[in-house]
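To start, the structure under review is shown below, and the notes come after it.
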Amino acid sequence: MSKTANLLDKSRKGYLNWDEYFMAIAKLTAMRSKDPNTQVGACIVSSDNRILSIGYNGTPNGYSDSTFPWDREGSPLDTKYLYVCHAELNAILNFRGGRRELEGSKIYVDLFPCNECAKAIIQCGIKEVIYLSDKYSETDSVIASKRMFDTCNVKYRQIELNKDIIIK
């Protein structure tokens, strides 16, 4: 065995791969959400594995979380759904660089994107979606997302986090 190969063999085993690392950041970011039911985080990454932006599901800037309706059921105006910015949209809106810098990037997200977030992902040039859960796969929103991604050549793939990763 060569000296170079010997040096490589001494590297630490069990380190996080890129997918695990960026998904763990998305999961950590989700912990900022004040939603009592669903916390989702997103991490946008360049093609050379640099973090471009992060976001989580929450209210728009300037809107008080304490007076915000967090209910899931009831009249639409009294539920969270008309008011919350999803993690993917927040990550896109939080990005402070030029639009071209998002082109060809990828987004890591806990939950498969809804159709509204899919439109924003496509529009800003993100080319890959890496997600953990697809629990709403049978909904019209997610079916529409997948149709749009397929039509616009946005790849998507589900990953599983190694159970040894602390962030749940």
Side-chain angles (χ1 to χ4, degrees), residues 22-46 51-161 165-168:
F22 294 127
M23 190 60 77
I25 289 173
K27 295 289 288 174
L28 182 63
T29 303
M31 295 171 75
R32 286 282 308 140
S33 175
K34 294 187 177 100
D35 188 324
N37 298 299
T38 306
Q39 299 81 47
V40 178
C43 180
I44 301 175
V45 179
S46 67
I51 296 172
L52 299 174
S53 188
I54 56 174
Y56 56 90
N57 60 314
T59 59
N61 291 336
Y63 198 108
S64 174
D65 290 319
S66 61
T67 60
F68 183 76
W70 289 106
D71 296 321
R72 294 175 77 163
E73 295 180 18
S75 167
L77 291 174
D78 296 325
T79 66
K80 64 183 179 177
Y81 299 108
L82 296 179
Y83 306 98
V84 169
C85 290
H86 287 179
E88 303 92 329
L89 182 60
N90 262 332
I92 291 166
L93 295 173
N94 287 338
F95 179 64
R96 296 295 182 228
R99 184 181 176 279
R100 290 207 174 267
E101 294 173 71
L102 288 177
E103 290 178 4
S105 63
K106 53 191 169 186
I107 188 167
Y108 289 81
V109 64
D110 301 44
L111 194 56
F112 197 91
C114 72
N115 63 302
E116 293 299 320
C117 289
K119 290 185 269 188
I121 288 166
I122 292 163
Q123 191 68 17
C124 74
I126 293 172
K127 288 299 183 189
E128 185 173 11
V129 176
I130 300 96
Y131 63 96
L132 283 177
S133 173
D134 196 8
K135 70 179 179 179
Y136 300 113
S137 65
E138 301 301 318
T139 65
D140 290 345
S141 175
V142 171
I143 292 168
S145 294
K146 290 177 181 176
R147 283 182 185 173
M148 287 187 281
F149 287 154
D150 291 341
T151 299
C152 297
N153 297 313
V154 174
K155 293 188 284 186
Y156 50 92
R157 61 186 168 91
Q158 187 171 22
I159 64 168
E160 288 186 33
L161 284 182
I165 295 175
I166 295 173
I167 299 173
K168 302 282 183 209

Handout entry: Residue pair Asp110 / Lys27: nearest heavy atoms and the distance that separates them
Key = OD2-CD, 3.1 Å
Practice task
Supply the atom-to-atom distance Ile126 CD1 to Glu103 CD, rounded to the nearest 0.5 angstrom.
Solution key: 11.0 Å
Exercise for the section: Walk me through it: do Ile51 and Cys43 pass the test side chain to side chain contact (heavy atoms under 4.5 Å, CB included)? Expected result: CA-CA 7 Å; Ile51 296 172; Cys43 180; 4.0 Å; yes
Completion exercise
Of all heavy-atom pairs linking Pro36 and Trp70, the shortest is CD-CB, 3.7 Å
Per-pair distances, 0.1 Å, donor-acceptor, side chain in residues 82-94, under 3.5 Å, sequence neighbours excluded:
residue, atom, partner, partner atom, Å
Tyr83, OH, Leu77, O, 2.8
Asn90, ND2, Tyr56, O, 2.7
Asn94, ND2, Ile54, O, 3.0
Asn94, ND2, Asn90, O, 3.1

Handout entry: Results of ring-ring contact (aromatic ring centres under 6.0 Å, His included) for Tyr131 - residues two or more places apart only
Key = Phe112
Handout entry: Enclosure of Arg100 CZ (heavy-atom neighbours >12, cutoff 6.0 Å)
Key = no
Practice task
Taking atom CD of Gln123 as the centre, report whether more than 12 heavy atoms of other residues, nucleotides or ligands fall under 6.0 Å from it.
Solution key: no
Fill in the blank from the handout: Rounded to the nearest 0.5 Å, the CD1 atom of Ile121 sits from the SG atom of Cys152 at a distance of 11.5 Å
Check residues 143-151 and write down every donor-acceptor pair under 3.5 Å in which the side-chain atom is one partner and the other belongs to a residue at least two apart or another chain.
residue, atom, partner, partner atom, Å
Ser145, OG, Pro113, O, 2.9
Ser145, OG, Cys114, O, 3.0
Ser145, OG, Asn115, N, 3.0
Ser145, OG, Ser141, O, 3.0
Lys146, NZ, Asp134, OD2, 2.6
Asp150, OD1, Tyr156, OH, 3.0
Asp150, OD2, Tyr156, OH, 3.4
Thr151, OG1, Arg147, O, 2.9

Exercise for the section: Tell me, with the steps shown, if Phe95 and Ile44 meet side chain to side chain contact (heavy atoms under 4.5 Å, CB included). Expected result: CA-CA 9 Å; Phe95 179 64; Ile44 301 175; 5.6 Å; no
Exercise for the section: Please round to the nearest 0.5 Å and tell me the distance separating atom CZ of Phe22 and atom CD1 of Ile159. Expected result: 11.0 Å
Exercise for the section: Enter the distance from Leu52:CG to Lys106:NZ here, rounded to the nearest 0.5 Å. Expected result: 10.5 Å
Practice task
Any chance you could lay out the side chain to side chain contact (heavy atoms under 4.5 Å, CB included) test for Lys80 and Arg72, step after step, and finish with the verdict?
Solution key: CA-CA 6 Å; Lys80 64 183 179 177; Arg72 294 175 77 163; 4.0 Å; yes
Fill in the blank from the handout: Of all heavy-atom pairs linking Val109 and Met23, the shortest is O-CE, 3.6 Å
Completion exercise
Value for CG (Asn37) from CG (Asp71), rounded to nearest 0.5 Å, stands at 9.0 Å
Fill in the blank from the handout: Distance col, row Glu128:CD vs Ile107:CD1, nearest 0.5 angstrom, shows 11.5 Å
Problem - From CA spacing to verdict: side chain to side chain contact (heavy atoms under 4.5 Å, CB included), Leu111, Tyr136 - result: CA-CA 9 Å; Leu111 194 56; Tyr136 300 113; 3.8 Å; yes
